[in-house]
Amino acid sequence: MNHRTVPSLLLASLLALTACSAPTHDGKAAGPRPLSSEEADRMALARFTTYRRGTGEVTATVPSHGSTITLTGRIDWRGHHGYAELRDDATPPTRELVQWSARGVANHPRWTGGLPDRPPASGWGFHPLQPHSTALDSLLLLLLHLGSDRPDNAQLLARSDARWLRDDRIDDIPVIVTAGPGSPSAPAGSGRLGNTRYWIDADGRLLRFQARLGGEVQWATAELHPTHPAKPLPALPGQLTQPAGSR
């Protein structure tokens with residue numbers, strides 16, 4: 001991965017998948033506005049601090065075809081894979097287990113409860129990850145890319161169309177809220193904000209991430225829990241580790 005350009009810095013390869021501001025009272029101009037150097041430094045650290053955690057707990061919601069899917073699970077940002085339970089908002093909810101990597105998704109349908117430390121040995125289906133086709137697959141791939149093995153380039157971020165939106169708090173932790181760079185396909189000077197949002201604390205930790213996916217009006221939201229210790233993930237099924245075309 002090339003970490004010297006803004007598109008690679010903040011997942012521009014996925015921005016095509018993503019189809020607010022507030023006044024402040026601390027002397028700062030109301031957003032959105034360009035990032036200050038300190039804000040660009042924080043944003044540049046966000047994916048690196050996530051990667052350094054290794055494994056973390058994540059809770060996410062994603063709108064999909066008029067309903068909401070909730071994901072509760074864990075992600076290994078160094079190993080680039082995840083393990084979670086999904087449930088929809090039907091009554092009663094439909095549940096399934098998923099394991100995923102950039103190669104694809106293994107799903108265990110009609111699950112009845114909780115995220116087991118050891119996933120079932122059988123009953124899994126597999127499909128390639130299709131981020132351009134479904135909002136859920138878009139989110140799964142984005143979640144894997146919230147970790148990077150080096151900081152992004154703060155100077156390039158400061159010169160990009162990434163924007164500070166406002167100051168906020170999450171569980172009494174002060175954070176800045178920033179918008180990621182807009183899609184490279186957007187007309188120059190269009191002023192359109194990117195379809196990603198980052199809640200970042202003073203240490204550069206990413207606490208919340210939002211994206212507007214697949215033309216959905218509502219935002220998909222992921223809550224990262226950096227203070228929660230996370231168990232290691234189970235090993236991936238072979239279908240998710242084999243080179244493409246070998247199955």
Side-chain angles (χ1 to χ4, degrees), residues 1-3 7-18 43-62 64 69-86 96-107 115 119 124 126-152 180-181 194-200 204-214 219-226 228 230-244:
M1 180 182 293
N2 179 359
H3 295 266
S8 65
L9 296 176
L10 291 174
L11 319 178
S13 63
L14 300 175
L15 284 174
L17 309 176
T18 65
M43 199 169 183
L45 282 173
R47 295 200 299 140
F48 181 56
T49 58
T50 301
Y51 178 87
R52 290 183 64 185
R53 290 172 56 194
T55 300
E57 294 185 358
V58 175
T59 304
T61 56
V62 56
S64 180
I69 298 171
T70 299
L71 176 152
T72 305
R74 306 192 298 275
I75 296 177
D76 181 344
W77 284 289
R78 297 183 183 182
H80 303 291
H81 64 105
Y83 175 50
E85 181 191 41
L86 303 178
E96 64 180 87
L97 297 179
V98 291
Q99 299 182 78
W100 77 96
S101 70
R103 297 194 184 281
V105 180
N107 68 297
L115 186 68
W124 294 88
F126 300 90
H127 69 265
L129 205 61
Q130 299 175 321
H132 293 280
S133 299
T134 75
L136 177 59
D137 280 12
S138 296
L139 180 66
L140 295 179
L141 189 55
L142 281 167
L143 289 175
L144 296 182
H145 284 278
L146 292 181
S148 173
D149 63 1
R150 68 198 71 182
D152 291 314
N195 286 331
T196 52
R197 302 285 185 268
Y198 303 80
W199 279 251
I200 307 167
R205 297 183 305 174
L206 180 62
L207 304 188
R208 178 180 296 158
F209 170 76
Q210 284 189 334
R212 188 174 284 141
L213 303 171
W219 293 84
T221 301
E223 303 284 351
L224 285 68
H225 306 289
H228 295 189
K231 300 176 182 177
L233 274 66
L236 281 170
Q239 291 91 333
L240 301 184
T241 60
Q242 294 171 358

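Tested against Ile75, the residues Leu146, Leu224, Leu143 include a single side-chain contact (heavy atoms from CB on, under 4.5 Å) partner, Leu143.
Screening residues 70-86 for salt bridge (charged side-chain N to carboxylate O under 4.0 Å, His left out), with sequence neighbours left out, gives Glu85-Arg95. For residues 127-140, the set of pairs meeting the salt bridge (charged side-chain N to carboxylate O under 4.0 Å, His left out) definition, not counting sequence neighbours, is empty.
Separation of atoms CH2 (Trp100) and CG (Asn107) is listed at 12.5 Å; rounding is to 0.5 Å. Leu206 CG to Thr50 OG1: the interatomic distance, rounded to the nearest 0.5 Å, is 4.5 Å. Going from atom OG of Ser138 over to atom NE2 of His132 covers 7.5 Å, rounded to the nearest 0.5 Å. To the nearest 0.5 Å, atoms CG (Leu115) and OG1 (Thr72) are separated by 8.5 Å. Rounding to the nearest 0.5 Å gives a distance of 7.5 Å between CG of Leu129 and CG of Leu144. Distance check, rounded to the nearest 0.5 Å: CG of Leu45 to CZ of Arg52 gives 9.0 Å.
Remark: His225 pairs with Glu57, Thr59, Glu223, His228 by the side-chain contact (heavy atoms from CB on, under 4.5 Å) rule, at least two apart or across chains. Partners of Pro226 by side-chain contact (heavy atoms from CB on, under 4.5 Å), not counting sequence neighbours, listed by chain and number: Arg53, Arg205, Leu207. Among residues two or more places apart in sequence or in another chain, the side-chain contact (heavy atoms from CB on, under 4.5 Å) test is passed with Ser101 by His81, Arg103, Leu236, Leu240. Among residues two or more places apart in sequence or in another chain, the side-chain hydrogen bond (donor to acceptor under 3.5 Å, both in side chains) test is passed with Thr221 by Gln210. For the side-chain hydrogen bond (donor to acceptor under 3.5 Å, both in side chains) test, no residue two or more places apart in sequence or in another chain qualifies with Trp77. Contacts of Ala220 classified as side-chain contact (heavy atoms from CB on, under 4.5 Å), with partners at least two apart in sequence or in another chain: Val62, Pro63, Leu139, Leu213.
With hydrogens and angles ignored, the 3.5 Å screen pairs no side-chain donor or acceptor of Ser148 with any backbone N or O of Arg47.
Taking both residues in full, the closest heavy atoms of Leu97 and Tyr83 are given as CD1-OH, 4.4 Å, listed atom of the first, atom of the second, then distance. Minimum heavy-atom separation, Ala211 to Thr196: CB-CG2, 4.2 Å. For Pro234 against Pro119, the heavy-atom pair with the smallest separation is CB-CD, 3.5 Å.
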Would Tyr198 and Phe209 satisfy side chain to side chain contact (heavy atoms under 4.5 Å, CB included), going step by step from the backbone distance to the final call? CA-CA 5 Å; Tyr198 303 80; Phe209 170 76; 3.7 Å; yes
Given the rule in the side chain to side chain contact (heavy atoms under 4.5 Å, CB included) test, do Leu136 and Ser64 qualify, once you have shown the distances and angles that lead to the verdict? CA-CA 7 Å; Leu136 177 59; Ser64 180; 5.7 Å; no
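Within the 4.5 Å cutoff, side-chain heavy atoms of Leu140 are placed close to those of Leu71. Using a 4.5 Å heavy-atom threshold, the side chains of Pro237 and Trp124 count as separate.
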